[in-house]
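Here is the structure we will look at, set down as structure tokens.
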Amino acid sequence: MAKKSKILLIYTGGTIGMVKDYKTGALKTFNFNKLLNHIPEINQLNCVIECISLKKPIDSSNMNPSNWVFLAEIIENNYLKFDGFVVLHGSDTMSYTSSALSFMLENLLKPVIFTGSQLPIGDLRTDAKENLITSIQIASSIENDLPIISEVCLYFEYKLYRANRTTKINSEHFEAFSSPNFPPLGESGVHLKFNKNLIFKPKVKEALIVRKTMASDIVILKIFPGIKEEVVRSILLIKNLKGVILETYGAGNAPNDKWFILLLKEAIAKGIQIINVTQCAGGSVIMGHYETSTQLQKIGVLSGFDITTESAIAKLMYLLGKNIPKNEFRILFESSLRGEITKIE
Ligand code: ASP
């Protein structure tokens with residue numbers, strides 16, 4: 001019989017483990033051990049599962065970079081002991097956390113699968129069981145003695161995605177996530193199928209490095225028709241601001257008003273990194289395609305190509321945390337580090 005995979009289940013909180021407070025009617029987090037009692041099916045899986053939980057499980061709206069570091073450290077401290085990791089996380093910020101981890105865990109050679117649910121595990125119609133059981137199966141899938149997945153993924157409602165390509169699209173449907181610019185890495189139906197040509201294949205086998213400095217002096221500036229000069233100015237003048245995700249229209253277009261371009265130019269001159277990311281759900285920034293993005297390109301705004309905003313935030317925090325020279329920053333941000341962008345050459 002094949003050797004049993006060892007999986008570490010990391011519980012951070014989220015709906016999956018919540019119960020209803022009958023006094024207020026609101027959902028609140030509860031004890032993790034009780035959570036596992038709800039899924040005796042887990043014992044039928046051909047793997048050894050150990051669990052670890054945040055001392056105080058949280059609604060993922062309360063996630064922040066310190067929690068990400070804590071999570072990355074759990075993986076780091078248990079990396080050699082386990083074959084794979086499943087992270088139970090609230091769906092609200094799952095795309096942010098999993099994108100962040102995809103950058104923080106350098107040279108990752110093992111699966112890290114994020115999952116959660118729209119209904120608590122104790123609910124009669126819950127989606128938690130399938131999400132959890134299949135995530136464990138994915139994390140323990142091996143071929144020729146090697147894990148099939150060796151990257152950070154997100155599994156939800158029968159689909160396995162590259163985590164840093166995902167975005168939460170629905171707060172009610174079981175299909176809560178989508179990966180608008182990259183196909184799923186796998187699908188669960190009668191059989192568990194992997195799209196092996198899309199899965200990341202590590203070229204070198206080096207020791208895991210966990211980057212723990214995430215610079216959060218950044219902002220998302222979403223433009224809209226009528227955005228005021230004072231607003232843009234006061235955002236760009238924020239003390240210690242290091243980076244801006246500029247959410248633009250369509251293929252990366254923004255107003256070409258003089259004041260707007262000038263404010264961005266001044267910010268760039270001060271060393272602030274500005275990244276052009278589209279507000280569209282799908283598609284890529286192509287700077288220079290329209291006149292309304294030519295100026296942005298000229299003054300040194302970087303292209304996020306088809307990156308999601310969640311992933312752009314994580315990548316910006318990660319690269320700024322590395323304190324690299326300006327030129328190198330541009331090259332790295334505009335390259336695919338973990339499969340997070342598709343570059344149109
Ligand atoms: N508010 C919850 C959370 O993100 C929602 C969920 O788990 O789906 O923690």
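Start at 1 and go down the list; that is how both ligands and their atoms are numbered.
- Considering backbone and side-chain atoms together, D59 places an N or O closer than 3.5 Å to an N or O of ligand 1.
- At a 4.0 Å cut-off, at least one heavy atom of S117 sits close enough to ligand 1 to count as contact.
- Using a 4.0 Å cut-off between charged nitrogen and carboxylate oxygen, E328 and K322 do not count as a salt-bridge pair.
- The residues K168 and E310 are annotated as not salt-bridged, no charged nitrogen and carboxylate oxygen being separated by less than 4.0 angstrom.
- Ligand 1 has no N or O atom lying under 3.5 Å from any N or O atom of T93, backbone or side chain.
- In this structure, CD1 on I75 lies 5.5 Å from CG on L71, to the nearest 0.5 angstrom.
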Verdict with reasoning, E151 to R162, per salt bridge (Lys or Arg N to Asp or Glu O under 4.0 Å) | CA-CA 8 Å; E151 58 181 307; R162 174 164 297 146; 2.6 Å; yes
Result block: side-chain N/O donor-acceptor pairs under 3.5 angstrom for residues 226-245, not counting sequence neighbours:
from	atom 1	to	atom 2	distance (Å)
E229	OE2	R233	NH2	3.0
S234	OG	E230	O	3.0
S234	OG	V231	O	3.1
K242	NZ	D217	OD2	2.7

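- Under the salt bridge (charged side-chain N to carboxylate O under 4.0 Å, His left out) criterion, no residue pair touches residues 95-105, with sequence neighbours excluded.
- For ligand 1, the atoms sitting less than 4.0 Å from at least one non-hydrogen atom of T15 are 2 (C), 5 (C), 6 (C), 7 (O), 8 (O), numbered in the order shown with element in parentheses.
- Among all protein heavy atoms, the one lying closest to atom 4 (O) of ligand 1 is S60 OG, 2.6 Å.
- With respect to atom 8 (O) of ligand 1, the closest heavy atom belonging to the protein is S91 OG, 2.4 Å.
- Considering backbone and side-chain N/O atoms, D92 comes within less than 3.5 Å of an N/O atom of ligand 1.
- Atoms of ligand 1 lying under 4.0 Å from any heavy atom of G14, numbered from 1 in the order shown and given with element: 7 (O), 9 (O).
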